[in-house]
Number of protein chains: 2
Amino acid sequence: MAKSGTASSVSEKGGARSTETRRLLVDAAIATLQREGFVGASARAIAERAGLNQGLIFYHFGSVANLLLAALDAVSDERLAHYGAMVAGADSPGELVEVATDIFRTDLDAGYITVLVEMIAGASSTPDLGPEVAARIGPWREFARSAIEQSLGDSPLKALLPAADVAYAVVALYLGLEMLSHLDGNRQPALNLFAHAQRLSQLLAAMSGTSLPEAPL
Amino acid sequence: MAKSGTASSVSEKGGARSTETRRLLVDAAIATLQREGFVGASARAIAERAGLNQGLIFYHFGSVANLLLAALDAVSDERLAHYGAMVAGADSPGELVEVATDIFRTDLDAGYITVLVEMIAGASSTPDLGPEVAARIGPWREFARSAIEQSLGDSPLKALLPAADVAYAVVALYLGLEMLSHLDGNRQPALNLFAHAQRLSQLLAAMSGTSLPEAPL
DNA sequence: GTCTATACTTGGATAGAC
DNA sequence: GTCTATCCAAGTATAGAC
């Protein structure tokens, strides 16, 4: 998202053609990360999927790693923008779990989390990649934290479970569930968990008498 | 763990020298996966770390992928053997969480989970690797399931939360926490979560009047 | 700005000497 | 059983034509 390429020339805008090419490359990078993983996301593989020449990656992004980071940026921006609207009305843990279920199902099916996972795992191999990836995961954690805090309102649970710590767990679980689901090509076990979580949050709400959306049993 | 190499010769045992070489390669593969990730775990990198020739990997294991699977086997066998003894006495959720904390800290510091994570993420790139890795993660899930079931005893929670589903979540969380901890080189947030979990399980035990190891607040 | 061609490096895998 | 030498494929990156 930040700096815009190595080249100079042209009136600052860079030209519509150039922007389109960059977009094609970023999209292809995302698709390649999802289908072939970090290892398979080579300049040649990405360029071929984009229907473009391999050299353009280096012209526009300087290196494959930079393109992959741009891909991660694109996914993060796109997803976080949607999340904001989705959780806007979630004022209880129960509602938040419902929204989280939707988010998770969407992200899982669209392969968005795969991009995160592959980039995190791949960062182990390229020294400078780690901090860059970490910086891009930060917003996800912050988003989760604020959503959790908002949903708790002034519940006493806030003192018992700091939102930041819970957010950390949620993001971790999110990543882990994607890995397992992706590994054996079965999303059902992960989705079962969200069903349990919904039941539990309703039960908990009933017990503490805070909010009570529906009768649990 | 299974079949023992491509070569024939010698009196079935394969020779002490051969076994030692295989062990060296497996150890080096583990270390390389931890330090350089799946991408950096090339035949040359592993062989160099082992102080051996690169060709030996293909002689003994047939391919790099097979060596990496052998490394995953070694880690799984080693860890699962320890786990069994550790959870033997955990008869309540509170005790299980305590043991789980120990297990997690040990595995995290020793880099054992890194091996799992890298192999799972790396499996996206090599078609046939996926099922093999999945088969090796299975025992971890089964171990978690049986430990959870044992710790629950005849608690009513059993009906509310099937042990198999919880085990799935625990393994996923385990993997996700490793990724995040590894990414920003800080294990503290993850360890905080276990502290919360311990407090919660004690609180829950007190509320349901089942077992009560210690006064929570 | 994009494409073709090419230099250079690294990696998987095999052959053959020891 | 291990090592040296080597082949070939694939990857990053750059130069120069269009």
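By convention in this document, chain letters (A, B, ...) are assigned in the order of the sequence lines, proteins followed by strands, and residues within each chain are numbered from 1.
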Euclidean distance, atom [atom1] of residue [X] to atom [atom2] of [N] [Å, nearest integer]:
{"X": "B:H60", "N": "D:dG1", "atom1": "NE2", "atom2": "P", "answer": "6 Å"}
{"X": "B:L25", "N": "D:dG1", "atom1": "CG", "atom2": "P", "answer": "13 Å"}
{"X": "A:N66", "N": "D:dT12", "atom1": "CG", "atom2": "P", "answer": "13 Å"}
{"X": "B:E36", "N": "C:dT10", "atom1": "CD", "atom2": "P", "answer": "14 Å"}
{"X": "A:L56", "N": "D:dA15", "atom1": "CG", "atom2": "C1'", "answer": "14 Å"}
{"X": "A:E48", "N": "C:dC3", "atom1": "CD", "atom2": "C1'", "answer": "16 Å"}

Going by an N to O cut-off under 4.0 Å, is there a salt bridge joining [X] and [Y]?
{"X": "B:E20", "Y": "B:R17", "result": "no"}
{"X": "A:R141", "Y": "B:D184", "result": "yes"}
{"X": "A:R145", "Y": "A:E149", "result": "yes"}

For this session: Answer with yes or no whether the side chains of B:Y168 and A:N192 bring together a donor and an acceptor at under 3.5 Å.
Result: no
Exercise. Say you draw a straight line from CZ of A:F61 to CG of A:L56; how long is it, rounded to the nearest 0.5 Å?
Worked result: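 The CZ atom of A:F61 sits 10.0 Å away from the CG atom of A:L56.
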Exercise. Is there a side-chain polar atom (N or O) of A:T21 under 4.0 Å from OP1 or OP2 of C:dG1?
Worked result: no
I'd like a list of close polar pairs between nucleotides 11-15 of chain C and the protein, N/O only, cut-off under 3.5 Å.
| unit_1 | atom_1 | unit_2 | atom_2 | d |
| --- | --- | --- | --- | --- |
| C:dG11 | N7 | B:R44 | NH1 | 3.0 |
| C:dG12 | OP2 | B:A43 | N | 2.7 |
| C:dG12 | N7 | B:R44 | NH1 | 3.2 |
| C:dG12 | O6 | B:R44 | NH1 | 3.1 |
| C:dG12 | O6 | B:R44 | NH2 | 3.3 |
| C:dA13 | N7 | B:Q54 | OE1 | 2.8 |
| C:dA13 | N6 | B:Q54 | OE1 | 3.4 |
| C:dA13 | N6 | B:Q54 | NE2 | 3.0 |

Problem set entry | Pairs involving residues 123-134 of chain B, ordered by first then second residue, that meet side-chain hydrogen bond (donor to acceptor under 3.5 Å, both in side chains) (sequence neighbours left out) |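 Output for this query lists A:E118-B:S124, B:E132-B:R136.
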